[in-house]
Number of protein chains: 2
Amino acid sequence: MARARLQDVADRAEVSLATASRVLNGSARQPGAALVERVRAAAADLGYVVNAQAQALARSRTGLLGLVVQDISDPYFSTIAGGAQSAAREHGRMVLLASTERDPAAERDAVAAFAAHRVDAVVVAGTRWSAAEDAPVAEELATFQASGGRAIVVGQPLGTATVIRPPNAAGATALAEALAGQGHRRFVLLSAPARVVTAQERAGAFTAAVAAGSGEIVETIEQQFSRDGGYAAGDRVAELARAAAEAGEDPPCVFAVTDVMAIGLIARLRELGVDVPGQVRVAGFDDIPTLRDHVPSVTTVSIPLAEMGRLAVAAAVAEDGTDVSAAVGHEVVLRESTAR
Amino acid sequence: MARARLQDVADRAEVSLATASRVLNGSARQPGAALVERVRAAAADLGYVVNAQAQALARSRTGLLGLVVQDISDPYFSTIAGGAQSAAREHGRMVLLASTERDPAAERDAVAAFAAHRVDAVVVAGTRWSAAEDAPVAEELATFQASGGRAIVVGQPLGTATVIRPPNAAGATALAEALAGQGHRRFVLLSAPARVVTAQERAGAFTAAVAAGSGEIVETIEQQFSRDGGYAAGDRVAELARAAAEAGEDPPCVFAVTDVMAIGLIARLRELGVDVPGQVRVAGFDDIPTLRDHVPSVTTVSIPLAEMGRLAVAAAVAEDGTDVSAAVGHEVVLRESTAR
DNA sequence: TAGTCGGTGGAAAGCGCATTCCCATGCGAC
DNA sequence: GTCGCATGGGAATGCGCTTTCCACCGACTA
């Protein structure tokens with residue numbers, strides 16, 4: 001059965017194409033009640049389904065939103081996507097999704113594909129990389145904007161895109177202060193490669209705040225920005241713990257720049273028989289849902305991921321001129337893993 | 001800057017629209033090398049980006065895939081989505097995403113919206129509900145299929161859609177056998193409301209296998225299909241554990257029909273001071289990543305979620321006639337939570 | 001009663017591209 | 001030297017819809 005076209009509906013209702021269009025698709029001009037009724041009935045009889053592609057072509061806007069995330073199966077991004085999705089639904093928009101597996105080149109391709117599909121706006125979520133790696137996406141995004149598209153970034157600035165900024169610096173600072181308030185003085189920084197900007201922001205702010213609070217970063221460990229990276233750091237952290245114990249010092253407090261690293265680290269420490277928080281304290285960042293039921297429960301900085309997704313969509317659909325560079329909050333959540 | 005159209009490219013290359021089209025979009029008929037070169041150059045100069053909407057209209061196929069999941073922020077679905085996304089990328093397809101917040105009516109709307117966007121195929125992932133609740137989606141899907149669309153379901157059958165079936169029955173049976181093999185005899189079934197078909201399939205097969213193995217289901221608890229549902233069951237399970245201890249019986253073994261319920265249950269038991277696996281044993285289903293680092297680690301049935309997403313997309317893009325009702329495997333993973 | 005104006009319905013011109021014909025050209029075969 | 005055929009390029013049509021522009025009609029004012 002071929003799909004009914006608007007023309008078929010118009011024929012059946014014995015009106016013109018124009019009238020049928022006005023009735024069926026939120027036009028400002030509504031025909032008389034009798035016609036409206038006839039058209040509605042005809043559409044229902046025929047099981048008419050509007051062709052969004054044709055509509056898009058005629059209107060030259062699609063109502064589509066492009067969302068590119070670095071890994072949709074990662075809770076960080078799926079939570080953002082959830083918020084974005086729900087906001088999009090409220091605004092009556094559909095979202096095109098791309099997951100790049102953390103490959104900057106794939107980010108570029110995704111933006112290009114979205115541009116081809118004439119999305120009204122694209123949201124790029126995830127940490128930025130080095131300037132060199134970011135260049136291709138930035139350029140693609142600039143082209144997209146130049147031809148009338150709107151660009152939003154959830155993370156760090158990229159070209160002239162609107163930015164929804166995770167409170168990395170503020171959160172890390174607050175965490176450092178909270179930990180200092182608990183009496184921690186000797187910290188280990190578990191960070192990620194320099195190209196991961198998010199990790200650098202958190203590590204940098206944490207370091208500064210520790211110094212300001214007369215604490216000390218006794219060592220910095222660099223590992224992959226993942227659970228396995230945290231796991232890999234376990235042996236070194238265990239050594240540090242032992243050294244501290246022998247020197248009669250307080251157990252060190254590790255700040256892992258993301259929760260998953262903290263979890264991997266704790267897993268390894270458990271295998272090594274190092275108690276958390278008895279012999280080492282651990283704090284993370286993000287407050288992924290898992291943390292709540294983790295044993296020991298893990299101190300972290302909670303950031304409103306879903307809300308950030310919503311904000312991004314709000315910025316994407318905003319009327320021109322409305323700049324929605326909203327500030328997003330954070331909250332330090334002290335749990336067992338840093339208890340003294 | 002207005003976007004360049006194919007016509008602009010043709011003008012600049014001094015060829016006809018037809019020739020430009022043939023060069024730029026994989027047509028079977030390729031013009032002579034000289035023209036190809038000229039057109040390519042012109043396109044590059046103008047920064048030409050094909051308009052996928054117009055292409056879709058002219059070709060009357062979009063190359064779009066619709067994916068509807070019940071909650072994109074749930075690891076179960078985001079893992080499926082990850083697999084689907086990666087497969088779609090390999091096949092050069094874009095995916096339109098909808099997350100329904102577990103509302104059957106929203107599932108219907110999502111399918112309708114996808115139909116309007118003329119997606120080539122739609123994949124509906126997630127448990128089916130009661131026949132009455134499923135009816136609207138089923139009908140919408142049937143309409144979609146009648147007009148040439150392809151429908152794939154990840155879960156249980158829905159109309160005549162191709163089905164990718166999670167091995168709920170086989171997995172639950174295997175789990176029951178494995179637990180019996182460990183010597184467990186007295187089971188508590190922690191299930192969900194009858195409308196959640198996935199829960200019923202797992203509970204039913206588990207019950208049958210327990211009976212076949214001369215074990216016994218001493219009690220069935222019905223709660224929400226979520227972490228909080230598991231949490232809510234904690235008090236009753238604690239009572240059962242105490243009763244068993246007083247009667248000098250083996251600690252009961254709880255089968256929670258999904259991992260998140262198992263985790264919620266264990267959280268509540270911990271609060272109540274009931275040891276797992278000392279006083280109660282707990283097993284789940286799905287093998288969400290979290291389980292690995294949970295304390296105690298949780299016995300479960302591992303199913304290849306990402307693979308299921310890939311299969312769904314494979315079925316969606318398959319040439320007509322190729323029926324890809326692939327069987328998906330499962331693996332029982334015995335961990336600490338059921339140790340004797 | 002004539003003149004105007006707001007409102008209503010329809011005709012038609014695109015939106016950007018794929019694709020079907022159709023024509024011109026050049027080559028080999030007879 | 002002519003005919004036939006293959007090949008390459010272009011004109012034109014249509015995909016399904018929106019929207020401007022026009023014509024028309026009835027009501028209201030002077």
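Within every chain, numbering begins at 1; the chains are lettered A, B, ... in the order of the sequence lines, protein sequences first and strands thereafter.
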Between P on dT19(C) and CZ on Arg61(B), what's the gap in Å once rounded to a whole number?
10 Å
Nearest-nucleotide wise, let me know which of Val50(B) and Gln30(A) is further upstream toward the 5' end of DNA chain C.
Gln30(A)
Rounded to whole Å, how long is the line connecting atom CD of Gln7(A) with atom P of dT18(D)?
13 Å
Will you find, in the side chains of Ser130(A) and Glu133(A), an N or O donor that is under 3.5 Å from an N or O acceptor?
yes
Does the pair Arg108(A) and Asp134(A) meet the rule for a salt bridge (Lys or Arg N to Asp or Glu O under 4.0 Å), with working shown?
CA-CA 9 Å; Arg108(A) 196 267 310 277; Asp134(A) 280 347; over 6 Å; no
Heavy-atom distance under 4.5 Å between the side chains of Val39(B) and Leu24(B), does that happen here?
yes
When the distance from CG of Leu57(B) to C1' of dG14(C) is rounded to whole Å, what number comes out?
12 Å
Tell me, which of residues 108-121 of chain B have any heavy atom that sits under 4.0 Å from an atom in DNA chain D?
none
Checking side-chain contact (heavy atoms from CB on, under 4.5 Å) for the pair Phe144(A)/Val49(B): CA distance, chi angles, key distance, verdict?
CA-CA 10 Å; Phe144(A) 175 69; Val49(B) 175; over 6 Å; no
Rounded to whole Å, the CZ-P distance (Arg5(A) to dG16(D)) equals 6 Å
Spacing of Arg3(B) atom CZ relative to dG16(C) atom P, expressed in whole Å:
10 Å
Evaluate the side-chain contact (heavy atoms from CB on, under 4.5 Å) criterion for residues Arg310(A) and Val313(A): first the C-alpha distance (whole Å), next the side-chain angles of each, then the deciding distance (0.1 Å), finally the verdict.
CA-CA 5 Å; Arg310(A) 304 186 63 85; Val313(A) 169; 5.9 Å; no
Please report the distance, rounded to the nearest Å, between CG in Asn51(B) and P in dC15(D).
18 Å
Answer yes or no: does atom CD of Glu139(B) have more than 12 heavy-atom neighbours from other residues, nucleotides or ligands under 6.0 Å?
no
In whole angstroms, the gap separating C1' of dG16(D) from CZ of Arg59(B) amounts to 17 Å
Once you apply a heavy-atom cut-off of 4.0 Å, does Leu6(B) come out as touching a base, just sugar-phosphate, or nothing?
sugar-phosphate
Verdict with supporting geometry, Glu107(A) and Trp129(A), side-chain contact (heavy atoms from CB on, under 4.5 Å)
CA-CA 11 Å; Glu107(A) 281 184 329; Trp129(A) 316 99; 3.6 Å; yes
Applying salt bridge (Lys or Arg N to Asp or Glu O under 4.0 Å), which residue pairs with at least one partner in residues 32-55 of chain B are found, sequence neighbours left out?
Arg12(B)-Asp45(B)
Phosphate OP1/OP2 of dT18(D): any Asn25(A) side-chain N/O under 4.0 Å
yes
Between dT18(D) (C1') and Gln53(B) (CD): distance, integer Å:
15 Å
Determine: side-chain N/O of Ser60(A) to OP1/OP2 of dC15(C), distance under 4.0 Å, yes or no.
no
Atom pairs under 3.5 Å, N or O on each side, protein against nucleotides 10-12 of chain C: can you list them with distances?
unit_1: dG10(C); atom_1: OP2; unit_2: Ser16(A); atom_2: N; d: 3.1
unit_1: dG10(C); atom_1: OP2; unit_2: Ser16(A); atom_2: OG; d: 3.3
unit_1: dG10(C); atom_1: OP2; unit_2: Thr19(A); atom_2: OG1; d: 2.6
unit_1: dG10(C); atom_1: N7; unit_2: Arg22(A); atom_2: NH2; d: 2.8
unit_1: dG10(C); atom_1: O6; unit_2: Arg22(A); atom_2: NH2; d: 3.2

Gln55(B) vs dC17(C): side-chain N/O to OP1/OP2 distance below 4.0 Å
no
For Ala318(B), does its backbone N or O pair with a side-chain atom of Arg150(B) as donor and acceptor, under 3.5 Å?
yes
